[in-house]
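Here the structure is a predicted model, which is why all the values come from computation and not from measurement. In the text below, chain A, chain B and the rest are named by the order of the sequence lines, each starting its count at 1.
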Protein chains: 2
Amino acid sequence: MNQHRLEEGLALLKENRIRLTPQRLAILEYLANTDSHPTEDEIYKSLSNKFPNITNATIYNNLKCLKKNGIINELKYGEDASRFEWVTEPHYHVVCKSCGRMRDFNYPELKEVEAYVEKLSGFQINHHLFEVHGICSVCKQSQK
Amino acid sequence: MNQHRLEEGLALLKENRIRLTPQRLAILEYLANTDSHPTEDEIYKSLSNKFPNITNATIYNNLKCLKKNGIINELKYGEDASRFEWVTEPHYHVVCKSCGRMRDFNYPELKEVEAYVEKLSGFQINHHLFEVHGICSVCKQSQK
DNA sequence: CTTTATGCAAAACCTTTGCATGGTC
DNA sequence: GACCATGCAAAGGTTTTGCATAAAG
């Protein structure tokens, strides 16, 4: 139970006068306590027990809200649906192209490339993304 | 007119016994002669003059076919719709988060990160992606 | 009590698929 | 002539939106 994280998130919401509904809290708790980079649908399925009437729209609205308030990141870089993660220190992702699962990895931040590209292209750069694609050991196993 | 490219593509199709329809040729020509990383819809709109009855399905089918035969790459990493580019030497992309446009840039290939992550994660890595995000000069201008 | 969130339904958007017809080799 | 591609329509998956009701501060 990542209580510390959760409380930081709750504080951020309070600061920005975002109301705390039971559904929103449940989504926050779910995201604070996982490193699985869930999709909206995974969150939806997981909360359906506790909130039988919850809808995808509510989950989406909340994810958008949490993202806007700097609590979570949306990862659109994978294959189909967006995945979401708690905001932490900068890091990169390994993605399994078979099952879509993601895992974090750390590597010296490639900030120098941002500067290089900014000069080169005239773009105003504020972000970069490094992603490594392959097949995870589970999927590799089951392919045999 | 990038005749050289186009002929390579045509040769690849012939080699693999893929039929050359007028629509397919037009899509090939479009992609051989642009560096704009178009979406399916941009291609569709562009060909609608010449082929009034062409449908998105045809474009999609062809893009899938060209991708399968190693002639084009699909770039799914951006925001909404996939973008497509002619296959060339490895390179990276700068993406404008306002208009979605992409431009290529070159940088020493980060193959060593693949090896590092392979050891670290147990994934079998075969690809990586480096993308720099910002605002292009056109969008920066129009924001004022 | 004011304002925002929820749940529901509908729709938007991108992409895929089934099928009859037409075109390529 | 055999087989594949096209065009059309329909549907699938993800995400957004409008609106009445319910809940939060």
### Message
With salt bridge (charged side-chain N to carboxylate O under 4.0 Å, His left out) as the criterion, how do K111(A) and E114(A) come out once you've worked through the C-alpha distance, each side chain's angles and the decisive distance to 0.1 Å?
### Response
CA-CA 5 Å; K111(A) 273 287 174 192; E114(A) 288 194 10; 3.3 Å; yes
Heavy atoms only, 4.0 Å cut-off, all strands: where does [X] land among base, sugar-phosphate and nothing?
X	value
S82(B)	sugar-phosphate
P22(A)	sugar-phosphate
T21(B)	sugar-phosphate
N61(A)	base

### Query
Between the axis at one end of the helix from dC1(C)-dG25(D) to dC25(C)-dG1(D) and the axis at the other (five pairs apiece), what's the angle to 10 degrees?
40°
In whole Å, I'd like the distance from the [atom1] atom of [X] to the [atom2] atom of [N].
X	N	atom1	atom2	result
K50(B)	dT6(D)	NZ	P	14 Å
Y60(A)	dT17(D)	OH	P	13 Å
N53(A)	dA23(D)	CG	P	11 Å
N62(B)	dT15(C)	CG	P	15 Å
Y44(B)	dC13(C)	OH	P	14 Å
N56(B)	dT6(D)	CG	C1'	13 Å

### Task
Supply the atom-to-atom distance E8(B) CD to L6(B) CG, rounded to the nearest 0.5 angstrom.
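So the gap between those two atoms works out to 10.0 Å.
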Of the nucleotides [options], which has the atom closest to the [X] side chain?
X	options	answer
R19(B)	dA24(D), dG23(C), dG7(D)	dG23(C)
A57(A)	dC8(D), dT16(D), dT15(D)	dT16(D)
T55(A)	dG7(D), dG7(C), dT17(D)	dG7(C)
R24(A)	dT17(D), dT6(D), dA5(C)	dA5(C)
L20(B)	dG7(D), dC25(C), dC14(C)	dC25(C)

Without hydrogens or angle criteria, can the side chains of [X] and [Y] be said to hold a donor-acceptor pair below 3.5 Å?
X	Y	result
N33(A)	N2(A)	no
H128(B)	Y92(A)	no
Q23(A)	T58(A)	no

### Message
Are F130(A) and Y107(A), when compared by the centres of their aromatic rings, separated by less than 6.0 Å?
### Response
no
### Donor/acceptor link under 3.5 angstrom from R17(B) side chain onto base of dC25(C)
no
### Query
Does T58(B) put a side-chain nitrogen or oxygen below 4.0 Å from OP1 or OP2 of dG7(D)?
yes
### Task
Using the test side chain to side chain donor-acceptor pair (under 3.5 Å), find all partners of T39(B) that sit at least two apart in sequence or belong to another chain.
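Checked T39(B) against side chain to side chain donor-acceptor pair (under 3.5 Å); zero matches.
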